[in-house]
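First up is the structure itself, then whatever we jot down about it.
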Amino acid sequence: MSPSPPLLPQPEQRRILRTELPGPRSRELQRRRDAALPGGLGVTLPVFVDRAGGGVVVDVDGNHLIDLASGIAVTSVGASAPAVVSRVREQAARFTHTCFLVTEYDGYVEVAERLNALAPGGHAKRTALFSTGAEAVENAVKIARAATGRPGVVVFDHAYHGRTMMTLAMTAKEVPYRTGFGPFPGEVHRAPYAYPLRGPGAEEALAGLEALLERVGADTVAAIVVEPVQGEGGFVVPAPGFLAGVERVARRHGIVLVADEVQTGMGRTGTVFASEHEGVVPDLLCTAKALGGGLPLAAVTGRAELMEAVAPGGLGGTYAGNPVACAAALGVLDMLRDGELLERARSIERTVRARLEPLAGALPQVAEVRGRGAMMAVEFVRPGTDEPDPAPAREVAARCHAEGVIVLVCGSFGNVVRLLPPLVIPDDLLAEGLDVLSAAIRGACGGAA
Ligand code: PMP
């Protein structure tokens, strides 16, 4: 076998605009895309990528964009981290697939062992691997039902859990995710989430949860599934005490507490798991996105006695725990080990707050700057009200995109701009991205740039 070529050097870590965005090559590719792909596949920024790494995405026209999205919270360690790429290359050269249900490999076992050790709680744990976040959430529901013999699933207002039928039943936002796709599986009940800006507070939301359980019969509920910080729903950090309260309610009724850490997990919020911020110990914990460092890998990690409730053959899938994705995850887990990236996430929060919080005081449209770690957001309202306003969020995103800074919009009302920079983004690049974002916010809100 010929030796593998050296890894490419990281793309130059600075913003470079050589053409308008999207440039001519991207526009040409977009024409082919539009003719070959359905429009149901939306796109944030119709730019085609040549390379990516660190805090930069390089497009096919040679523009260097500042990445404040990480492919929706996936490339936390960078899109071409040597620790990930070298393991992927080595594994791909050995074998790409066997199906773990047919013949086994050690990478799967090592990922499971390391997640078992990292997940909160000193109890015995087991991990099963899957490919996508939605698949992990679906399997957590299957495991909770098998373990309890109960059908019900409680989820929250503003929740997002995926695009499969069960996870759509669990997802709150109608347009565009659910429209036209029903009917959805039943036995899914929705409780209030403690959303500090909009209410209810922690106590009121917990009372709502208890009232719901009273109504449907707590002994019919297998699982309460909660995002410790809501992602697509608007980067909502719940009011203090809410998560711990949900945990208490679950324990009181013998309900399995499932933390959906698909977006918040693997260091994004400054701890390995966001559940740790309130000392919550989920019974089952779902991870995906950043776990595979860009390769499709997801996991359910949980109490051994719950995980063992499923009979052999009840879990798994052809690709679930693919060996190349496991190799990538081991690279990610190596990079998380010394805690430096967790500190980076916390320092990104400090930088973002210092730069953006003054805007909340200065501009009546900016209701709040919030988030945890490298998961930060700005929520927009109509001046003088708390009515959500999606228009400035859309305009801010469009202005950022035109200037070569990738940001995303989210929120039940589409009125939140969110930032998910790679944890490895250099300080000066983050500062420049925030300069562009601040100017875009001032421009969109009628303040001086
Ligand atoms: N849960 C949460 C909290 C998520 O943010 C997402 C994806 N945005 C999912 C589940 C679904 O993950 P996937 O797209 O990998 O199926």
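It should be emphasised that the depicted structure is a prediction, and the values quoted were computed from it without experimental measurement. Indexing begins at 1, ligand by ligand and atom by atom, following the structure's order. Sequential numbering from 1 along the given sequence is applied to the chain's residues.
- Applying the 4.0 Å criterion to heavy atoms of Val262 picks out, from ligand 1, the atoms 1 (N), 2 (C), 4 (C), 6 (C), 9 (C), 10 (C), 12 (O).
- In this structure, the protein non-hydrogen atom closest to atom 5 (O) of ligand 1 is Gln263 NE2, 2.8 Å.
- At a heavy-atom cutoff of 4.0 Å, ligand 1 is contacted by the side chain of Glu227 but not by its backbone.
- Between Glu349 and Arg346 there is no salt bridge, since none of the side-chain N atoms of the basic residue sits less than 4.0 Å from a carboxylate O of the acidic one.
- With respect to Arg198, the salt bridge (charged side-chain N to carboxylate O under 4.0 Å, His left out) criterion is satisfied by exactly one of Glu379, Glu204, Glu368, Glu387: Glu379.
- With respect to the salt-bridge test (charged N to carboxylate O, under 4.0 angstrom), the residues Lys142 and Glu138 do not qualify.
- No hydrogens or angles considered: a donor-acceptor pair under 3.5 Å links the side chains of Ser76 and Arg268.
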TODO: List the steps, then state whether side-chain contact (heavy atoms from CB on, under 4.5 Å) holds for Val246 with Leu206.
DONE: CA-CA 7 Å; Val246 171; Leu206 291 169; 3.9 Å; yes
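- The shortest N/O to N/O separation between Lys289 and ligand 1 falls below 3.5 Å.
- Ranking the protein heavy atoms by distance from atom 10 (C) of ligand 1 puts His161 O, 3.3 Å first.
- By the criterion of a heavy-atom distance under 4.0 Å, neither the backbone nor the side chain of Arg163 is placed next to ligand 1.
- Close approach of ligand 1 to Asp260 (heavy-atom distance below 4.0 Å) involves ligand atoms 1 (N), 2 (C), 3 (C), 10 (C).
- With hydrogens left out, the protein atom closest to atom 12 (O) of ligand 1 is Gly133 CA, 3.3 Å, a heavy atom.
- A donor-acceptor contact shorter than 3.5 Å links the side chain of Thr98 to the backbone of Thr103.
- With a 4.0 Å heavy-atom cut-off, ligand 1 is reached by the backbone of Ala134 and by its side chain too.
- Protein heavy atoms are absent from the 4.0 Å sphere centred on atom 14 (O) of ligand 1.
- Atom CD of Glu90 has more than 12 neighbouring heavy atoms from other residues, nucleotides or ligands inside a 6.0 Å radius.
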